[in-house]
Amino acid sequence: MFDQDNELIAQRRKNLEEITALGFEAYPHRFSRTHTITEAVSAFGCLDRESLAAEPITVRVAGRIHAINKMGKAAFIRFTDGKSMVQTYLRKDEVEPAAWELFLRLDLGDHIGVEGFLFRTKTNEFSIHAKALAFLAKALIPPPDKFHGLQNKELRYRQRYADLIANHDVREVFEKRARILREIRNYFDSRGYIEVETPMLSPLATGAAARPFKTHHNALDIPLYARIAPELYLKRLTVGGFEKVYELNRNFRNEGLSIKHNPEFTMLEFYQAYSNYEELIDLTEELITGIVETVCGGTTVTYEGVDISFERPWARLTMQEAVLKYWETKPEGAKLETLEDVIAAAQATHCEINPKAGFGKCLGALFEHVAEKHLIQPTFITRFPTELSPLSKQSADDPNFVDRFELFINAMECANGFSELNDPLEQQRRFEEQMQARAGGDEEAMVLDEDYIRALGYGLPPTAGEGIGIDRIVMILTGQRSIRDVILFPHMRPERHQEEHPAAEPRTAE
RNA sequence: GGGCCGUUAGCUCAGUCGGUAGAGCAACUGGCUUUUAACCAGUGGGUCGCAGGUUCGAGUCCCGCACGGCUCACCA
């Protein structure tokens, strides 16, 4: 890793040895600061040259070296605390001789501490006139190009630390992500919801239609699955009397990776007793609009050059209305009331459907084929087929549909909520249907959870629940095109280490 | 899994028709006491992703593989 064959690393190791030979500790344990660089810049960066000269302000700050401009017996060192950058002006005749010798052996990427007084240069740049210089840690590996940053996407994802050092906008994305999560927690905490944590590892992977990761518990000698959704656990808690609960955490799905899919992703799920799905639609608008206003300032964000407006109310369409609206070659008087209607529409729009699928699955496929890509502005799709919604409560006027919605933004499904099915006998019947589909080869059909049925047997009040895909919301609010750009360490194939090649001839030149 | 594109110095990138491997940053030596991607002079640094093939000769053409990006399919 740090082999001497690489001249840049060898040079840095040599510099470190010489620094310790000068009497500096190689990896000192601490450095007391008066300010972070960010604090110093925000506290004093507004002062002009005259006020800085009139009453000298001394600071002790620390950071990583970004650039060095050396001019004989003086130098500027630009360094950063990760968030803000400042430069220090160092003169050979104004610091200890050892400090100057130290300076001569510093490399880009090293951590230093500086004590000095604040001033402005003749080009008016806010700077620290160094009186003392401390060595805090060596970077044996050179940082990426100080001007171009790190462009190679593979390196940026695999070595996020290097990405964060080199590309300041990456840090801003993750700071914004943290603010979004904080706003979500504020929203629910201030309205009396309790945040809970339910099992990540469970004997059953259920509550959603997805393929799970499987593992094994040695002591119990049983298979366990990484959860695909916390849904059924959260509703057990509603049965138990937690009227309003939320969980903000990871789900795991053993499926393909893409610009919109990571094997683990962050989901908000929340449930509230004595509510229905229409109340959740209002809540979702309020929650997300509030986040957009707080985090992005305003009600509009620009994503991929398109303005997305979160001005309320957002569009609402039933699934059938959405298909009819975006079906470009729709014949006069077309309807989507029966299986025959839907099959005819699928054929007319060249939408492939499974010939064995029923009305609900066909309508769902048709919706995804015809309408989904047009749902750029926030849009709630309602009135889902019962066949696609094994955990949702049927609509009062037609048992073929359920009281459910999905929220689409930028053609991505961002939220899914419904009035919860709380009739244990009907739930059992729906699970049995799913198990039949599973037996028929549908790997993603939902798995029966008997204990969940038992919980419903104790009586789940009328309840509405929702899941919101946080990574996707963060993508839209931070303008990132790929989910990998809003996840700190996205999943990658492991690096394949090259076969050990015969040891190179030792270098003799020195 | 399919299709398209990419992989050249630590980083960012050139490399024409197949004919001695290039630049900027970074590094090294020297100069320079308010620089701004500092500047000036000089120097070193390469398994051209890996492995085959064609050819007198391959970074370049062909085949296979690895990894990545985009995209389609599956999925949220």
Side-chain angles (χ1 to χ4, degrees), chain A residues 5-12 14-15 49 65-78 85 87-94 100 107-109 119-125 127 129 139-159 162-163 165-167 208-211 228-229 251-269 352 365 368 372 406-408 412-416 443-444 467-473 475 481-485 490 492-499 501-502 504 507 509-510:
Chain A
D5 282 356
N6 183 308
E7 66 167 323
L8 297 172
I9 290 173
Q11 181 60 40
R12 282 161 182 262
K14 179 164 168 276
N15 283 340
R49 176 182 293 117
I65 299 174
H66 181 255
I68 297 175
N69 289 356
K70 177 169 171 275
M71 301 149 299
K73 297 180 182 62
F76 285 93
I77 305 172
R78 217 167 313 143
M85 189 94 70
Q87 65 173 7
T88 183
Y89 177 55
L90 189 74
R91 290 170 65 123
K92 186 180 181 184
D93 58 7
E94 291 187 32
W100 185 257
D107 291 296
L108 303 191
F119 76 111
R120 281 187 181 275
T121 63
K122 67 182 181 191
T123 50
N124 210 35
E125 179 159 343
S127 310
H129 196 122
L140 290 179
I141 300 174
D145 189 296
K146 68 182 175 191
F147 183 66
H148 297 95
L150 188 63
Q151 299 298 325
N152 183 317
K153 288 226 173 189
E154 183 177 355
L155 290 182
R156 292 179 58 185
Y157 298 145
R158 287 192 197 280
Q159 302 180 31
D163 188 27
I165 289 169
N167 300 321
R211 286 153 66 181
I228 56 175
N251 290 338
F252 307 86
R253 299 194 182 174
N254 201 346
E255 287 158 355
L257 288 74
S258 84
I259 204 164
K260 292 180 199 168
H261 300 86
N262 194 59
E264 54 182 297
F265 61 100
T266 299
M267 180 101 121
L268 164 71
E269 280 205 21
E352 282 185 35
E368 287 175 17
E372 205 176 273
E406 285 188 349
L407 168 65
F408 288 84
M412 282 194 292
E413 184 190 332
C414 290
N416 175 21
E443 278 188 76
E444 289 175 354
I468 299 182
I470 298 305
D471 306 288
R472 291 180 174 181
I473 298 291
M475 284 168 69
R481 204 171 121 64
S482 169
I483 198 167
R484 293 185 199 93
D485 292 318
M492 308 277 282
R493 274 198 174 77
E495 277 183 274
R496 204 181 53 135
H497 288 283
Q498 296 196 346
E499 307 274 312
H501 45 81
R507 306 243 161 157
E510 196 63 69

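Naming convention: chains lettered A, B, ... in sequence-line order (proteins, then strands); numbering from 1 in each chain.
For B:rA26, the OP1/OP2 oxygens have a side-chain nitrogen or oxygen of A:K146 closer than 4.0 Å. Applying the 4.0 Å criterion to OP1 and OP2 of B:rA38, one finds that A:K70 has every side-chain N and O outside that range. Between A:R158 and B:rC67 there is no side-chain N or O to OP1 or OP2 distance below 4.0 Å. Between A:R493 and B:rG68 there is a side-chain polar atom (N or O) within less than 4.0 angstrom of OP1 or OP2. Residue A:R12 places no side-chain N or O under 4.0 Å from the OP1 or OP2 atom of B:rA26. Distances shown here put every side-chain N or O of A:Q151 at or beyond 4.0 Å from the OP1 or OP2 atom of B:rU12. Contact annotation: A:R156 does not reach the phosphate of B:rU12 (side-chain N/O to OP1 or OP2, under 4.0 Å). Phosphate proximity of B:rG69 to A:R484: present, with a side-chain N or O under 4.0 Å from OP1 or OP2. Dashed line: the shortest gap from a side-chain N or O of A:R472 to OP1 or OP2 of B:rA76 is not under 4.0 Å. Of the side-chain N and O atoms in A:N69, one or more sit less than 4.0 angstrom from OP1 or OP2 of B:rA38.
Comparing B:rA27, B:rU33, B:rU35 by their closest approach to the side chain of A:Q11 singles out B:rA27. Taking only side-chain atoms of A:Y89, from C-beta outward, the nucleotide of B:rC70, B:rU33, B:rU12 with the closest atom is B:rU33. Among the nucleotides B:rU12, B:rG68, B:rU33, the one closest to the side chain of A:M71 is B:rU33. Here B:rU12 is the nucleotide among B:rC32, B:rU12, B:rC74 with the atom lying nearest to any side-chain atom of A:L150. If you check B:rA76, B:rC74, B:rA38 against the side chain of A:R253, the one that comes closest is B:rA76. Of the candidate nucleotides B:rU71, B:rU35, B:rU12, B:rU35 has the atom nearest to the side chain of A:F76. Listed nucleotides B:rU33, B:rC67, B:rC70 differ in distance to A:E154; the shortest reach to its side chain belongs to B:rC67. Distances were taken from every side-chain heavy atom of A:R91 (C-beta onward) to each of B:rG10, B:rU33, B:rC11; the shortest belongs to B:rU33.
Nucleotides B:rA66 and B:rC17 have their C1' atoms positioned 31 Å apart, rounded to a whole Å. Comparing the same atom, C1', in B:rG24 and in B:rG18 gives a spacing of 28 Å after rounding to whole Å. Taking atom C1' in both B:rG69 and B:rU33, one finds a spacing of 48 Å when rounded to whole Å. For the C1' atoms, the distance from B:rC70 to B:rA58 is 29 Å, rounded to whole Å. If you take atom P in B:rU60 and the same atom in B:rG49, they sit 8 Å apart, rounded to whole Å. Separating the C1' atom of B:rG46 from that of B:rA41 is a span of 25 Å, rounded to the nearest Å. Separating the C1' atom of B:rU54 from that of B:rC63 is a span of 11 Å, rounded to the nearest Å. Only the P atoms considered, B:rG59 is 13 Å distant from B:rA51, to the nearest whole Å.
Atom OH of A:Y157 and atom P of B:rC67 are 18 Å apart (whole Å). Between A:I77 atom CD1 and B:rU34 atom P there is a gap of 15 Å when expressed in whole angstrom units. In this entry the distance linking CD1 of A:I259 with P of B:rG68 reads 15 Å, nearest Å. Atom-to-atom, CG of A:L268 to C1' of B:rA76 comes out at 14 Å; the value is rounded to the nearest Å. What separates CG of A:D163 from P of B:rG69 is a distance of 13 Å, to the nearest Å. Atom NZ of A:K153 and atom C1' of B:rC5 are 14 Å apart (whole Å). Per the geometry, CG belonging to A:L8 stands 5 Å off C1' belonging to B:rG10, to the nearest Å. To the nearest angstrom, C1' of B:rA9 lies 15 Å from NE2 of A:H148.
A:G149 comes within contact range of the sugar-phosphate backbone alone, with a heavy-atom separation under 4.0 Å but no base atom that close. Contact annotation for A:A209: backbone-only contact, meaning every heavy-atom pair under 4.0 Å involves sugar-phosphate atoms and none involves a base. Contacts of A:E125 with the nucleic acid, taken as non-hydrogen atoms under 4.0 Å apart, include base atoms. Heavy atoms of A:N262 sit under 4.0 angstrom from at least one base atom. No contact: A:R49 has no heavy atom under 4.0 Å from any strand. At the heavy-atom level, A:M267 lies nowhere under 4.0 Å from the strands shown.
A:I483 places none of its side-chain heavy atoms less than 4.5 Å from the side chain of A:K260. Residues A:M412 and A:L407 have side chains not in contact (no heavy-atom distance under 4.5 Å, counting atoms from C-beta outward). With a 4.5 Å cut-off on side-chain heavy atoms, A:F408 and A:E372 count as touching. Two residues are said to be in side-chain contact when any heavy atoms from C-beta on lie closer than 4.5 Å; A:P263 and A:N254 fail this criterion. By the 4.5 Å heavy-atom criterion applied to side chains, A:E154 and A:M492 are counted as neighbours. Taking the side chain as every heavy atom from C-beta outward, A:T266 and A:D471 approach each other to under 4.5 Å. With a 4.5 Å cut-off on side-chain heavy atoms, A:F265 and A:I470 do not count as touching.
For the pair A:R211 and A:E255, the salt-bridge criterion is not met [side-chain N within less than 4.0 Å of a carboxylate O].
With hydrogens and angles ignored, no donor-acceptor pair closer than 3.5 Å exists between the side chain of A:E7 and the base of B:rG10. Judged by distance alone with a 3.5 Å cut-off, no donor-acceptor contact links the side chain of A:D145 to the base of B:rU12. Between the side chain of A:Q87 and the base of B:rU35 there is at least one donor-acceptor pair of N/O atoms closer than 3.5 Å. Under 3.5 Å, the side chain of A:D93 and the base of B:rU33 form at least one donor-acceptor pair of N or O atoms.
A:R78 contributes no side-chain N or O that, together with a main-chain N or O of A:I65, makes up a donor-acceptor pair within less than 3.5 Å.
Base pairing of B:rA58 is not made with any nucleotide, judged by Watson-Crick or G-U wobble geometry with both donor-acceptor distances under 3.5 Å. When both distances must be under 3.5 Å, the Watson-Crick or G-U wobble mate of B:rA21 does not exist. Pairing for B:rC4 is with B:rG69, a Watson-Crick or G-U wobble pair whose two hydrogen-bonding atom distances lie under 3.5 Å.
Ranked by how close their nearest RNA chain B nucleotide is to the 5' end, A:T121 and A:N152 are led by A:N152. Heavy-atom nearest nucleotides on RNA chain B were determined for A:D485 and for A:F265, and the one closer to the 5' end corresponds to A:D485.
Ring planes of A:Y89 and A:F119: tilted class, angle from 30 to 60°.
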